[in-house]
Amino acid sequence: MGMWSIGVGALGAAALALFLANTDVFLPKSQKAALEYLEDTDLKTLEKEPRTFKAKELWEKNGAVIMAVRRPGCFLCREEAMDLSLLKPKLDELGVPLYAVVKEQLSTEVEDFQPYFKGEIFLDEKKKFYGPQRRKMMLLGFVRLGVWRNFFRAWDRGISGNLEGEGFILGGVFVVGSGRQGILLEHREKEFGDKVNVDSVLEAARKIKPQTLASEEK
């Protein structure tokens, strides 16, 4: 009877742990990024002779859609990049550029990511687009049902990847208006494969007022 009770207790504890792991109780809490925080970010081009510039150059005139990539080799990140890239024709019509930032440059990882992403990619060495409060998902991600649903969704689409690079610091997607218009959409990845709603991205991009138009309205 004693061993049976211990076994039932252990199963109950495991069930409770699994339940809590699939709620938002233990998810890393995010802190919204201010425009002043993002615009001062030092970004680097990925050329042989890289140029360093302030991030505000990306959106100053026409706004921008920016993906903070958790890991270029991750097949879930590649899936989100593909979905954002499907918006590019409509973003081009609006005059809004599509960009991505990565937190490290390993081997050919960024080059291999480029077929999935139809915009320019820059290096954010200080990981400011992953802050201000940097969030990580460790082993908890592998017991969340939502993560496994995301895995199967991407596998079903035939997307492949690898395990190269740091993949625990969570990423996100931003839509930033031109000039001082501010951050119009901020999606923080809450778990592996938590994609942004592309309709929300397009809706936010349509609110961007290019600096030429904004100046004419004054």
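Small disclaimer: the values here were computed from a predicted structure and weren't measured.
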query = Of the non-hydrogen atoms in Ala55 and Leu38, which two are nearest, and what is the gap between them?
reply = CB-O, 3.4 Å
key: Salt bridge Asp92-Lys88, side-chain N to carboxylate O under 4.0 Å   = yes
inquiry  = Whether the side chain of Gln181 engages the backbone of Lys207 through a donor-acceptor N/O pair (distance < 3.5 Å, no angle test) should be reported.
reply    = yes
ask   = Is Arg51 paired with Glu57 through a side-chain N to carboxylate O contact shorter than 4.0 Å?
value = yes
ask   = What's the shortest heavy-atom distance between Met137 and Phe192, and which atoms?
value = O-CZ, 3.2 Å
query = Got Asn62 and Pro97 here, is their nearest side-chain heavy-atom distance under 4.5 Å?
reply = yes
task = For the residue pair Phe117 and Val69, establish whether any side-chain heavy-atom pair is separated by less than 4.5 Å.
result = no
ask   = Are any of the side-chain heavy atoms of Val65 and Leu91 separated by less than 4.5 Å?
value = yes
query = Under the ring-ring contact (aromatic ring centres under 6.0 Å, His included) rule, what pairs show up with a residue in residues 45-72, not counting sequence neighbours?
reply = Phe53-Phe122
task = Could you go through the side chain to side chain contact (heavy atoms under 4.5 Å, CB included) check for Leu76 and Phe151 one step at a time?
result = CA-CA 7 Å; Leu76 295 173; Phe151 283 164; 3.3 Å; yes
inquiry  = Between the side chains of Glu125 and Lys127, is the shortest nitrogen-to-carboxylate-oxygen separation below 4.0 Å, so that they form an ion pair?
reply    = no
request  = Go through Phe113 and Arg78 one step at a time and tell me if the side chain to side chain contact (heavy atoms under 4.5 Å, CB included) criterion holds.
outcome  = CA-CA 7 Å; Phe113 181 72; Arg78 290 176 173 183; 3.9 Å; yes
message = Return the OG to NE2 distance between Ser200 and His187, rounded to the nearest 0.5 Å.
response = 10.0 Å
key: Test side chain to side chain contact (heavy atoms under 4.5 Å, CB included) applied to Leu86 and Val198, step by step   = CA-CA 9 Å; Leu86 290 175; Val198 291; over 6 Å; no
message = Hydrophobic clusters here meaning ILVMFWY residues chained together by side-chain heavy-atom distances under 4.5 Å, can you tell me if Leu106 and Phe168 are in one?
response = no
Derivation of the side chain to side chain donor-acceptor pair (under 3.5 Å) call for Asn197 and Glu203 = CA-CA 10 Å; Asn197 183 308; Glu203 182 182 350; over 6 Å; no
request  = May I ask you to say whether Arg180 pairs ionically with Glu36, meaning some side-chain N is under 4.0 Å from a carboxylate O?
outcome  = yes
ask   = Can Lys103 and Glu166 be counted as an ion pair, charged N to O under 4.0 angstrom?
value = yes
Trace of the side chain to side chain contact (heavy atoms under 4.5 Å, CB included) decision for Lys128 with Tyr37 = CA-CA 8 Å; Lys128 291 193 71 174; Tyr37 170 83; 3.5 Å; yes
inquiry  = Just verifying a value: how many Å separate Asp124 CG and Glu104 CD, rounded to the nearest 0.5 Å?
reply    = 11.5 Å
query = Quick check: are there more than 12 heavy atoms from other residues, nucleotides or ligands sitting under 6.0 Å from CZ of Arg149?
reply = no
query = Can you find a heavy atom in the side chain of Arg206 that is under 4.5 Å from one in the side chain of Val96?
reply = no
query = Checking Arg70 side chain against Gly167 main chain: does a donor-acceptor pair fall under 3.5 Å?
reply = yes
key: Approximate separation, where rounding is to 0.5 Å, of Arg153 CZ and Phe75 CZ   = 9.0 Å
message = Within a 6.0 Å radius of atom NZ on Lys54, are there more than 12 heavy atoms belonging to other residues, nucleotides or ligands?
response = yes
message = If I compare all heavy atoms of Tyr130 with all of Ile169, which pair ends up nearest, and what's the gap?
response = CB-CG2, 3.9 Å
ask   = If every non-hydrogen atom of Val201 is compared with every non-hydrogen atom of Leu185, which pair is closest and at what distance?
value = N-CD1, 4.0 Å
query = If you look at every heavy atom in Val102 and Pro72, which pair is closest and at what distance?
reply = CG1-CG, 3.8 Å
ask   = Do the side chains of Ile208 and Leu184 get nearer than 4.5 Å, heavy atoms only?
value = yes
ask   = Parallel, tilted or perpendicular for Trp155 and Phe152, by the 30°/60° rule?
value = perpendicular
key: Interatomic distance, Thr45 atom OG1 to Glu47 atom CD [nearest 0.5 angstrom]   = 3.5 Å
key: Salt bridge Arg157-Asp83, side-chain N to carboxylate O under 4.0 Å   = yes
task = Decide yes or no for Leu123 and Leu46: does some side-chain heavy atom of the first lie under 4.5 Å from some side-chain heavy atom of the second?
result = yes
query = Out of curiosity, Lys209 NZ to Ser178 OG, how far, rounded to the nearest 0.5 Å?
reply = 9.0 Å
key: Name of the residue among Glu189, Glu80, Glu79 meeting salt bridge (Lys or Arg N to Asp or Glu O under 4.0 Å) with Lys195   = Glu79
inquiry  = Which heavy atom of Val175 sits nearest to which heavy atom of Ala205, and what is that distance?
reply    = CG1-N, 3.9 Å
Asp112 CG to Glu164 CD distance, which is reported to the nearest 0.5 Å = 10.0 Å
message = Just so I know, are the side chains of Phe174 and Arg188 near enough to count as touching, which here means a heavy-atom distance under 4.5 Å?
response = yes
